[in-house]
Amino acid sequence: MNEHSYPDEQRAAVYRVIEERRDVRRGFRPDPVPPEVLTRVIAAAHRAPSVGFSQPWDFIVITDRGKRERIKALADRARADYAASLPGARALAFDRLKTEAILETPVNIVVTCDPTRGGRHTLGRHSQPQTAAYSSVLAVANLWLAARAEGLGVGWVSFFGERELAAELGLPAHLDVVAYLCLGYVTEFAPEPELATAGWGRRRPLAWSVHAEEFGRRGLPGQDATSLLDDVRAAIGPPDSAAMAAARERLDRMTKPPGSLGELEDVSVRLAGLAGCCPPPMPEPAAVAIFAGDHGAHAQRVTPWPQEVTAQMVANFLAGGAVVNAFAAQAGAEVVVVDVGVRAELDHVPGLLPRKIAPGTADFTAGPAMTRDQAEAAIAVGVEVARDLVAAGNRCLLTGDMGIANTTASAALVCAFTGRDAGEVTGRGTGIDDETYARKVDVVSRGLARHQPDPADPVGVLAAFGGFEHAALAGFILGAAALRTPVILDGMIAGSAALAAAALAPGVTGCCLAGHRSAEPGHAATLDHLGLRPLIDLGLRLGEGTGALLALPIAASAVRALREVATFDSAGVTDKG
Ligand SMILES: Cc1cc2nc3c(=O)[nH]c(=O)nc-3n(C[C@H](O)[C@H](O)[C@H](O)COP(=O)(O)O)c2cc1C
């Protein structure tokens, strides 16, 4: 408190309006908004800060029904295009959402931006032209808050082709549409965003967004800053034994012979323990994250595939042409591709998360594959991707990977963490002849001899052998475990990354389901070490996330059974004597 701060009650009102402002799309009342109220909220918008005091906004107030009907038709088209782009479980959830109230509200306001206003020398805009649009957004924020204080609901609609809408509004060519807002009195303001209540997304904790001094050192003011890795390790807890007991008890009361769902019973018990409730939520929507990177050990001729194939397959994933895309479409899961270390410049297209640490690792037979800092940075990428996917509403994460030569790095990791020999765990990957296989085993052995890995130093082991996708996958699994979200592991690459994750935080296996058992010999050893039983065993050896995707409906079925199957007492079925 100082001499300039507002009295307590007024300060409380400011924070209250910020807290209680909502995007509103339903429950509008037909009463008109009096002109003086409308003028007050627009005047509040006009008070917004702007770059170089350029005040780039204009406000177009629309009440005409015919015009609103034409605009609604534009929004309906954009909505349909968006709906068509969604994976299965998302599309179903989206169908239930209301995204606009163009006709239900008595008045619509369009906020525009003139990026040329204020002239060529507008202070601050010369180096950041986008600050013009930011300024108009601040006008929207003022309007939204003032409207809330007036008891007016506001819904922001952005389902438009911007130029189509501009044409309908008669905007001069140099003006951009920033916001289309629907205003009206409402029956209530929901306490939380509708998208949160509907499970479409979750509010990100404040601590995820606050960094001390430099990006990555998370910490609220007055608290000690922590690294992402320390943060998630501290957050990983044991399974909830009460929820597990409840699941076991329910499984025994379900209208089926006890134990007759075999492994699935164990899956549903574990998922209940992870979620901390019985029954646990359905593992949907689900997303598979394909972490892609290249490997310096490729130079040792451990595979006949050229290194360019990594980038080419990434392009294939993004174009929807790979097996993982077909399986994801079948399972209704979203596909995300993360470039953590591909040795090529990749175009930034939707679906690709550009998070390159370096263009490929170094050859681990000659030195460490990556520096410790790089390994930690890749782990952080994985944690962030897991957090983002969970915050975006996903209730199950699946691991995917792409990296020519990554079974070689995986074999080295498996040896380092399980103590097995190179000859025992090294496999033929994509399919290699005897000579290449012998060379591959030798490469793994030489790497182990050179680095003398210490499994008690998992970051050091990851740095020694790589790849970037392994480190990122370890972070991805840790990030999911910290959020008590199930992860379905794909094969050998994911398994070796899970060994690193488990070495960093033993509790991590509580969130892991082994999607399948790969044909790679090291995978069985990996699953043994992790104490995981594979859900399927079909001799797959493709990677990409394909085995995890095939297992998703099995995990979902296990949960659905626990949620929906009647009990002997509820169904009036006689239990065995
Ligand atoms: C730039 C922007 C565009 C938006 N576009 C839409 C939209 O087209 N349809 C919709 O339903 N909500 C839209 N919203 C509203 C957000 O979904 C909403 O603000 C968010 O879920 C948080 O909820 P809250 O505003 O109630 O806190 C938009 C919000 C912003 C800031």
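Each ligand, and each atom within it, is numbered from 1 in the order the structure gives. Hydrogens, waters and symmetry mates play no part in the numbers below; they use all other heavy atoms, side chains included.
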J.: Report the part of Leu195 (side chain from C-beta onward, or backbone N, CA, C, O) that has a heavy atom under 4.0 Å from ligand 1; answer both or neither where that applies.
T.: side chain
J.: Considering only residues two or more places apart or on different chains, which pairs with a residue in residues 4-32 satisfy ring-ring contact (aromatic ring centres under 6.0 Å, His included)?
T.: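 Listed by first then second residue: nothing to list.
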J.: Look at atom 18 (C) of ligand 1 and say which protein heavy atom is nearest, naming residue and atom and giving the distance to 0.1 Å.
T.: Asp23 CB, 3.7 Å
J.: Is the count of non-hydrogen atoms from other residues, nucleotides or ligands lying under 6.0 Å from Phe189 atom CZ greater than 12?
T.: yes
J.: Return the option from Tyr82, Trp156, Trp200 holding the heavy atom at the smallest distance from atom 28 (C) of ligand 1.
T.: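 Nearest heavy atom to atom 28 (C) of ligand 1 lies in Trp156.
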J.: Identify, by atom number and element, the atoms of ligand 1 in contact range of Val157, meaning under 4.0 Å from any of its heavy atoms.
T.: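 That gives atoms 7 (C), 8 (O) of ligand 1.
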J.: Nearest to atom 9 (N) of ligand 1, what protein heavy atom do you find, and at what distance?
T.: Thr99 O, 3.1 Å
J.: Among protein heavy atoms, which lies nearest atom 22 (C) of ligand 1, and at what distance?
T.: Pro193 CB, 3.9 Å
J.: Is it the case that Arg96 places NZ or CZ above or below the six-membered ring of Trp200, under 6.0 angstrom from the centre and within 45 degrees of the axis?
T.: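 Output no; distance or angle outside limits.
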J.: Got a protein heavy atom sitting under 4.0 Å from atom 2 (C) of ligand 1?
T.: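 Yes, at least one protein heavy atom sits under 4.0 Å from atom 2 (C) of ligand 1.
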J.: Got a donor-acceptor contact below 3.5 angstrom from the Arg148 side chain to the Glu20 backbone?
T.: yes
J.: Can you list every pair that meets side chain to side chain donor-acceptor pair (under 3.5 Å) and has a residue in residues 80-89, with sequence neighbours left out?
T.: none
J.: If we only consider heavy atoms of Arg25, is any one of them less than 4.0 Å away from an atom in ligand 1?
T.: yes
J.: Crowded around Asp31 CG? As in, over 12 foreign heavy atoms under 6.0 Å?
T.: yes
J.: With respect to atom 25 (O) of ligand 1, which of Arg22, Glu194, Arg21 exhibits the smallest heavy-atom separation?
T.: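 Going through Arg22, Glu194, Arg21 one by one, Arg21 has the nearest heavy atom to atom 25 (O) of ligand 1.
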J.: To the nearest 0.1 Å, how far is atom 5 (N) of ligand 1 from its closest protein heavy atom, and which atom is that?
T.: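 For atom 5 (N) of ligand 1, the nearest protein heavy atom comes out as Ser158 OG, 2.7 Å.
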J.: Are the side chains of Thr105 and Leu183 in touch, meaning some heavy atoms are under 4.5 Å apart?
T.: no
